[in-house]
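What you see below is based on every heavy atom in this structure, not just the backbone, and it leaves out hydrogens, waters and symmetry mates. Since the structure is predicted, the reported quantities are computational estimates derived from the model, not experimental observations. In what follows, every chain begins at residue 1, and chains take the letters A, B, ... in the order their sequences are listed.
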Number of protein chains: 2
Amino acid sequence: MAMDALLDLPQLRTFYTLAQVGSFTACARRLGRTQSAVSHAMAKLEDLAGVLLLDRRSRGLDLTEEGRRLYQACEQAFTTLDAAAEDLKRHQTQARGRLRVGATVEFGSSILMRHMQPFLAANPDLEIDFTLSQDLLAPLLRDDLDLVIDCVEHPLPVLKKAPLFRETYVVACAPAFRKAHRLRVPADLSRCPVLSLDKAGAWWNRFLVAVPDRDQPHLDRFIAVNHVRAMIHAAAEGMGALLVPRYSVLEELERGDLVALFPSIRPTEDRFSIYQKKVKAAQEKQKLLTRYLQSLSPAEFGS
Amino acid sequence: MAMDALLDLPQLRTFYTLAQVGSFTACARRLGRTQSAVSHAMAKLEDLAGVLLLDRRSRGLDLTEEGRRLYQACEQAFTTLDAAAEDLKRHQTQARGRLRVGATVEFGSSILMRHMQPFLAANPDLEIDFTLSQDLLAPLLRDDLDLVIDCVEHPLPVLKKAPLFRETYVVACAPAFRKAHRLRVPADLSRCPVLSLDKAGAWWNRFLVAVPDRDQPHLDRFIAVNHVRAMIHAAAEGMGALLVPRYSVLEELERGDLVALFPSIRPTEDRFSIYQKKVKAAQEKQKLLTRYLQSLSPAEFGS
DNA sequence: CATAGCCATGAATTATATTCATGTCTCATG
DNA sequence: CATGAGACATGAATATAATTCATGGCTATG
């Protein structure tokens, strides 16, 4: 018996995650893909299996009888494999030496720093420096940095790029602010102050390009605040509307300190990647950090 | 913990097969890929794992300590998944109706027929007709056939193509024949009779194109035999050299009735595919047969 | 009944795996 | 030893598959 290409492994993995989180969209976020990708994958899996695995009728997504059986098998199998993979990692050579890491200011200060501790602990002989800055490419090229996490594209042949995660943005403001300014559509922003990371307001472009022409607001009352956390506090106090990475205001949205505006408008996303010089990317310490970062994104970063 | 893209599933599957069969080349054959593909896959897996999994020093390919542990996990996981997949198949709807299958004469008569019994037994309400012929495309297009297994390319937009397996060819003759004609290099074939499926000798082209110019034989003593099995018997009796699919003479080679000639020359391979009209490929009975055939190739077909 | 959330889908694109065409190395053999 | 066959590696080209993009449909909800 051949029994080989009976089921597609990556699709099974997606199915497993989907069954755990209970929604295509959530599964996509967890895996760092789009909802569409998950949908396509499940369609193919069901086609290959020849049976429906998901019950899409009800809210909240059920598994069919067959789906449930398959899920149990997945659980056992993937638990085993993950444990084995974990095990492999443990026996990896520890890195030594020094590693100079660069990252964007917002990402570096809020997200990156909160997740480096386990890596540092696992590699006590590795000295790591962090440099948070807007300009990361130049220092990387002149070897002042070894590894850089950035959201702007650097398509240079000497650089190796490894995708990390995707960052989505939201427009939000204090609930009272929305009432006061009667914010219904993007055009309503014309009348009210908006918080921007830069004085010129270029910060808002990622939002504006996603707004259809007839709804375009004419933003002119900018309040410049060159610090994301500060912007968030200002917005919560009702100083203006803001545009920020979704992850940075999850708590505020949860608590109701801020409300999301215009949910149907999706500002352009940032794709964060790891950049390294190809020659140095082969070094054990750089590979180790790369793998570590990739292992926790996007579930930890994304949102 | 994310624990997701830690190890690549398809590569793990390859690793598992590789460990079972003990050789890159054999693993490739089993999976219907090239040796190169297996090599690339294992290189990537080891890179991702950060540890060597294979011990390439000795003959016969060992696993390292880490490799052995990983293998055990794979065994458990894939056994589970395969069982679940098996299970899914069992509960598939049986096909009903009629299915008219076409195939090339040699493949159809020798291989296909030997593997259809389980499928027929599993689908008692399905009538299947087999048509073995050289010309398969025309009947398929005019709906005299529903599904066709062929080794010539039919790149038509109305047809759906599903790869099945790869067929390799060997040149062989009786041991005594080799001695008698002192067959050392392809050019030596000029002096002796060769068996051909057609009178003109076009049959031998797949061999000739693989021979470097300076070794080109000038074949002219053709013995035409329009039946592969008959050709094999003729060759075993020392009537001439023959060119046939490897699988068709495995036993003869094993027993020593025939010996392979010029092992360094690799005649062009045939890639067998299933062709169906796209509109009809969606029918349950056609999908069922397609999946069945794919599930037993190439391990059963290939060689 | 307009909207937001959730999933499906076809076409275009991107990423990835595979092949092709070599090269290297080792083992067996005359 | 020289030679050739077998087995694996490797870089570039290519084929294949996965993913995104840009939609559209459906269903609850206020």
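Residue Arg184(A) is classed as having no contact, given no heavy-atom separation below 4.0 Å to the nucleic acid. Thr25(B) comes within contact range of the sugar-phosphate backbone alone, with a heavy-atom separation under 4.0 Å but no base atom that close. Looking at heavy-atom distances under 4.0 Å, Arg266(B) makes no contact with the nucleic acid at all.
For Arg13(A) and dA17(D), the CZ to C1' distance is 19 Å, given to the nearest whole Å. Between the CZ atom of Arg33(B) and the C1' atom of dT19(C) there is a distance of 12 Å, given to the nearest Å. We find that CG of Asp62(A) is positioned 15 Å from C1' of dC6(C), with the value rounded to whole Å. Between Asp8(A) atom CG and dA17(C) atom P the separation is 12 Å, expressed in whole Å. Separating the CG atom of Leu48(B) from the P atom of dA17(C) is a distance of 10 Å, rounded to the nearest angstrom. In this entry the distance linking CG of Leu53(A) with P of dA8(C) reads 12 Å, nearest Å. Summarising the geometry, the separation between CG on Leu31(A) and P on dT20(D) is reported as 10 Å, rounded to the nearest angstrom. Between Leu61(A) atom CG and dG5(C) atom P the separation is 18 Å, expressed in whole Å.
The side chain of Arg56(B) places no N or O atom within less than 4.0 Å of a non-bridging phosphate oxygen (OP1 or OP2) of dC8(D). OP1 and OP2 of dC20(C) both lie 4.0 Å or more from every side-chain N or O belonging to Gln35(B). At the phosphate of dA8(C), OP1 or OP2 sits under 4.0 Å from a side-chain N or O atom of Ser39(A). One finds a side-chain N or O of Ser23(A) lying less than 4.0 angstrom from the OP1 or OP2 phosphate oxygen of dC7(C).
Of the candidate nucleotides dG6(D), dG5(C), dT20(D), dT20(D) has the atom nearest to the side chain of Arg166(A). Counting only heavy atoms from C-beta on, Gln11(B) has its side chain closest to dA17(C) among dT18(C), dT10(D), dA17(C).
Residue-to-nucleotide contacts include a donor-acceptor pair under 3.5 Å from the side chain of Ser36(B) to the base of dT10(D). With hydrogens and angles ignored, a donor-acceptor pair closer than 3.5 Å exists between the side chain of His40(A) and the base of dT20(D).
In this structure, Arg206(B) satisfies the cation-pi test against Tyr169(B), with its NZ or CZ atom closer than 6.0 Å to the six-membered ring centre and inside 45 degrees of the ring normal.
Summarising the local packing, CD of Gln216(B) is surrounded by more than 12 heavy atoms from other residues, nucleotides or ligands at distances under 6.0 Å.
Expressed to the nearest 0.5 Å, how far OH of Tyr275(A) lies from OG1 of Thr290(A) amounts to 13.0 Å. Atoms CG and NZ, on Leu7(B) and Lys44(B) in that order, are 13.5 Å from each other to the nearest 0.5 Å.
Ring orientation note: the planes of Phe78(B) and Tyr16(B) are tilted relative to one another, at an angle of 30° to 60°. Between Phe272(B) and Phe107(B), the ring planes lie tilted relative to each other; the angle falls in the 30° to 60° range.
Comparing Lys44(A) and Glu269(A), the nucleotide of DNA chain D nearest to each residue sits closer to the 5' end for Lys44(A). Nearest-nucleotide positions on DNA chain C place Phe24(A) closer to the 5' end than the other of Thr34(B) and Phe24(A).
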